[in-house]
Structure formats: structure tokens, C-alpha cells
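Notes to accompany the following structure.
Residue numbering restarts at 1 for every chain, and letters A, B, ... go by the order of the sequence lines.
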2 protein chains.
Amino acid sequence: MIKKFLMTPGPTQIPPQVLLAMARPIIHHRTGEYSQLFARVNDNLKYVFQTKNEVLSFASSGTGGMESAVANLCSPGDRVLVAAAGKFGERWRDLAAAYGLDCRYLEYDYGRLVDPDDISRSLEADPGIKAVFVTHSETSTGVVNDMKAIGAAVAGNAAVLVCDSISGMGSAEIRTDAWGVDVVVAGSQKALMIPPGMAFVSVSSKAWALAEQSTSPKFYFDWLKARKGLSQPQPTTAFTPAVSLVVGLDAALSLIREEGLENLFARHIILGRACRAAIKALGLELFSPDDDRSSSVTAIRIPDGIEDGKLRGLTRDKFGVQLAGGQGPVKGKIFRIGHCGYYNYTDIIVAITALELALKELGQPVELGSGIGAAEKVFAESLA
Amino acid sequence: MIKKFLMTPGPTQIPPQVLLAMARPIIHHRTGEYSQLFARVNDNLKYVFQTKNEVLSFASSGTGGMESAVANLCSPGDRVLVAAAGKFGERWRDLAAAYGLDCRYLEYDYGRLVDPDDISRSLEADPGIKAVFVTHSETSTGVVNDMKAIGAAVAGNAAVLVCDSISGMGSAEIRTDAWGVDVVVAGSQKALMIPPGMAFVSVSSKAWALAEQSTSPKFYFDWLKARKGLSQPQPTTAFTPAVSLVVGLDAALSLIREEGLENLFARHIILGRACRAAIKALGLELFSPDDDRSSSVTAIRIPDGIEDGKLRGLTRDKFGVQLAGGQGPVKGKIFRIGHCGYYNYTDIIVAITALELALKELGQPVELGSGIGAAEKVFAESLA
């Protein structure tokens, strides 16, 4: 008998309360019953986003939310700045290219942080830049950028700041309003604890002003259409929403409100810390920074002589733990443990145990239990 | 105690087998397990679409699938033809406008069918037309257009034929290949019996040739990216799929294969016929045609002196049956009974009963049971 543990940074484990809520008979989306639920979901999204801005929702993956930002804020030929240090940062560049934007590109190696000073300098050198696109939690590397510092770097400039927090929202803190992030994109299948299929986008008044001028083609992801839906007496979406996911989200957001943001972020910090302590105790090398901000995903270099496919195949097929591989240039060189969302200390213990057993089986000199001991120490301290 | 019956043309009732499948712990989408499931789903989609073409899938509502057709087939300034007789036909026109196309527009009153001869004449008059956009099942009116005749009208022309069959696919037959429909768009939340949140698009080789030349901006809905995902050794989607919905779809498509397309379409024809017989027996006036092709939605004129909100409020709140209202210019003038998907004779009986009781309560001179008698007669004949 194999019990399965999904330890990937999206999809993530789904609380049973959420699975059960989604299994109820479906309701119609143009009814008072749905509007009430949707209004509550929107309020709770604002709570998690730490914003007073409207949060738009789309039936799409997170990438659809990112595309909506590019298509609604910009017009063909607009100058924008993208700062990327991984696969999802690169997606902003690819989106800018798809929409015919004139893109300045700050590129960092996978595993590095974006330097806010570089953004300041770029904006100073080119005041015509209309929007800055960055990644909060870079899922491909486990790096979480310093959005407070990036917000400060962009503040006072004409440009709007747009941030992909798809794997950050709800696990690595982002204070949308306090840090001056004009547009924040989140996804459903990470720390918001529901299946993939929804994207969320908060929009500041500065960003709305751009959206009202944009000439890029758009329809399904049109923010103005979405805002019109939200402003109805019975708030709704422009197009048929992913009703069952919204029902699940309502249940998931209730859990988040119950826990409270402070506890939520503290829990994720401890999960990341325990994970990193275990990795180091096992003599492995961290790829993501040894930094409490990296609370969504821990990335680890694959030791010399160990094959990615064999390692993750073993943890999955023999020990029941699904880990994530590397992406782009670090494919085959790193693996990743996702711990954003419905995760607590038991999941880290199980994941590290599977890793210890798999490494041992592959001939890596690990002392069984040493990673677990280090993780337990972190958990013990956090409860002291 | 009120038992609730959703009788709307999307969302539609969801089989318990599908709800339970979606309530299972989620799996990761970059695994062999998921690829196997996805490959099976794709095969079964081709079966329902009656096509050998690839069927692309997107995490979005049906409108996203429609937008993908416009964005992938056309480039700014392209001449296209839209034939519309209802709200969803108008959506093609609005999409064409959003993408800067030069749109010829054949407009018919709500409730009318598109005339294939008008399409022939338009194409003859203007051989530069690149694509013809039509609606198969016009959800807003209950009209199902004659796609075989429309296919024949477009055949032999340079233009590709694009069809929104969102509320048709799986209830009103469309023979994609045999009738020469280059692109067919379907949605998840109608006769495919899962919640909203997925769109499906079949693409012919003639349409692929256009897609390879299109210069319209697109990313999330890019067909070439989707095709690349499907052609991997382990077929996948370009972006994170709506995993739980795909799992549900797998269960729903199994049910469809078990029933078989012939039985499936026959069942829907009987549902429509019974519904229309009941409506006529009650002395109400049909808005949708009294035609066996109208097997997805039955639209009915609201009798003089009866208020839409009161009528549908009563059926919903007192008798548990959610009906749909009118849209656009027929809002408040018609109501609609959806019967595409997981519906059988019991649902029609319940819906008509609620309607009889509500009409009676509102002072309409109906003979209780007369609609039911007429519906039962249709069912009895169909079983004879």
C-alpha cells in the first residue's frame, strides 16, 4: 500500500473540506446564491492580497492572469521592463514579445534574486518605461524576491509595478498596497489550496488608468469587462466562471481566515526552514537561498552521480512522494520540494524521509534520520 | 425540504460519478499518470466531436475557446463573415471587432435560423473572406442551426468554417469531419457534464495552415503551443491544465462512450420533443423552433401578464427548479429549459411540474397535469 503525498509547487494538496465542497451539486452562476458566495470570495481575496484594490478573477491558469496584465496595461510598441531570474520571469519577456512591446530585459542566472537597484537604474535611465514586470516567488528556483525593496525602487516613477505572485500569494508574504505593487497575479493551485483553473489579478487605480487606454486586442481577459461584472448589484464575472473552483475557493479562504495571515506566513517560514535544515544535514546543497523568504518552494542541487529521473522516480513510485524536477537550464540539475498551501510539519517529515530512503538506495552516503532530526529541531524550536 | 433541480443550459447537472472523481486527491499534471488520462480524454473528445482532427483543450470558459479561434486564424484587417441570430452569435462579431478584423455581418432576429444560402451568397460576392463564424446551438434562443447545410455552403470556398458548438456538442449532433467544419469550439459545462472551466477546440488541416500565418497577439490561447504539448511523447498542455476538471471529464466521457453517440443524440431529441409537447399542451408559445434539432435548450415565450422574475423565482424557490431567463432583446420575454447533458425523462417531468404549479399560482389558466401528460406520451412512444 502506497500513500501518495504531492509535494510539488502546484498543483498542491487540497484540504478535504475543499474537495467535499467542490463535490456538492453545482449551482448556477447568475443567481443570488452565487453572487453572495462570489462577494465573500472577493472580500477574502482582498484580505489575502492585503489590498483595497479590486481583485479580478478569471477561469484560466496563472499564465492567463499574467497575459491579462500585459494585454490590459500595454499597447503595441510600449516600452516595458522585465526582470527575470528563472522560467516564470522569462514568461513576462515572452508575453511582452507576443504583444509587440519594446522590452528592456534584466536577466539574472537561475537561482539569483532580482536586484532592486538595477530596476531603479533602468527606470532612471529610461523614464518612458510604462510597466515593470517581476516575479515574486520564482517557482522554478525557490527564490522569493524582495517585493518591498522592488516596490520602493519603482515608487515615484511613472511606471506601474506588476508582479507574478502565483506561487507566492498565501505562502510568502506580499503586502500589495503597503509595498506599492500595482498589479499582483495569483493562481488557484498553490497556497490558495484549490485545483488549477483560476487566476486572480489585483489592479491599482494607477493601473486602471493604463487599462483604460490600452489598445492591445483582448476580450476574454479584458479587465474593463471584469470590472463591470464586479460592479453589478449582484457581483459576477463577464464570462461563465469556474463555479466548482469558486465554491472550493470559498472553503479554502475560510480556512485561511481562520488561521490568520500572521500564522499562515509563520507556518510557511517554518516549513521552509525545516526543509532547508534537513537538506543541509543530509550533506546536500541548497539551490534556493537559505533565506526565510523562500517559504514556498525549496530547490536542491542533485548530488553528483545521482540521476534526477531515478531519484524522483524512487521517491514517487516506492515511497509515495511526488517531488518536482528542474525547469529550463537547471532541468536534471535540481529538484524541488513544494510546501506552499495545505502543508504542515508532517508533510516535510514524509518528504525528507522519502528523500533519505531514496538517496540511500541510490548509494548516496546519507545517515538515515539525520535530515529528519534537523527538521524536527526546527519544528521543536518553533513550538517552544 | 426542497430538492434542487438545475435545468439551465450551463452549468448543467453533474453525474455523481463525475463529482466523486473530482473529489479525489489531486494528481500532478507532468506525470505519466496524468498523460495517460489526458490521452484517453483526447481520444474520447475526438469520438464526441466525430473528428480525426486534434482537439485542443484550454482552462477557460467557452468564450476563451472562441477567442482562440479568432486570434489564431486571423490577422488584423482580415475579412471574415459572422452569421448571428442570438447572443452567442453576436459574440463572434464582438471578438472580430476586438481583434481588428474587417467583419461582414449577417444578422437574424433572435429565434431565427441562419440561412445557409446567405452564407453562400456572401462568399460568392466576396472571395476574400478568410473565415466564416457561426453558432451551432444558439443557447440564447434554443435554435440549432443546420451545420450540415452551412458546411456545404462553405465547402469549396477559400474560407474556413468555424462553429461555436458550446451548448451543442454532445446533445445536438455535429459531424465535424463529415460536414466540413474546420474549427469546432465546445465547452465543459453543457452536455459534456462537468463544471465550467474548460474549452475544447478541434482544428482541421486547412485551419492549421491559417494558424501558422496569423499575426494577432496571443499567448495563453496559442494553438501552436497547444499542438506542441499534444505532440510530446507524454501528451500535455502548454500551461497548467484544470486537473480536477480533466479528471471529471474522463469520467464523463466514459459515460458518453458507454451510452454511445446514437443513443445520446436520440435521448436528447426525445427530451426536446417532450418538453415542446408539454409546453404546447399548456397553451404556451414556443420561442425555439418546434424542430427535433433543438435538442439542447427549449425556449418559451412568457405568457402575457406573467412576470419573468416571479415565474422563475417561484419555480426556483418554491418548487426547486432553476430555469434560465432570456438574454439580450428577449430578456424578460422568454424563459429557457436546458436539457443538454445529464438529463433524462425525470428531469423534464419535474421541470414541467414546477412550471405548471408556478403558472397556476400566478393565475395563468393551465390544467394541472396537461403538460405532463403530453410529455409522458412522447416518452411512452419513444420506448415503444
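A/E67 contributes atom CD, which lies 8.0 Å from atom CZ of B/F239 (distance to the nearest 0.5 angstrom). Here the CG-CG distance, from B/L20 to A/L19, works out to 11.5 Å after rounding to the nearest 0.5 Å. B/S244 contributes atom OG, which lies 8.5 Å from atom CD1 of A/I194 (distance to the nearest 0.5 angstrom). The line from CD1 of A/I26 to CD of B/Q13 is 11.0 Å long, rounded to the nearest 0.5 Å. To the nearest 0.5 angstrom, A/H28 atom NE2 is 12.5 Å from B/M7 atom CE. Note: B/K218 NZ to A/L95 CG = 13.5 Å, rounded to the nearest 0.5 Å.
Only the backbone of B/P241 comes within contact range of chain A, judged by heavy atoms closer than 4.5 Å. Using a 4.5 Å cut-off between heavy atoms, B/D94 touches chain A through backbone and side chain atoms alike.
Looking only at heavy-atom pairs under 4.5 Å with chain A, the residue among B/A21, B/S60, B/A242 that has the most is B/S60. Of the listed residues (A/G248, A/A238, A/S61, A/P76), the one with the most heavy-atom contacts under 4.5 Å to chain B is A/S61. Interface summary for chain B: among A/G197, A/A71, A/A98, A/P16, the most heavy-atom pairs under 4.5 angstrom belong to A/A98.
The aromatic rings of B/F221 and A/Y220 sit perpendicular to each other, their planes meeting at more than 60°, with 30° as the lower class boundary.
Residues of residues 29-38 of chain B that come within less than 4.5 angstrom of chain A, heavy atom to heavy atom, are B/H29, B/T31, B/E33 in numerical order.
Counting heavy atoms from C-beta outward, A/P195 and B/V243 have side chains that stay 4.5 Å or more apart.
Aromatic pair B/F219/A/Y99: ring centres not closer than 6.0 Å.
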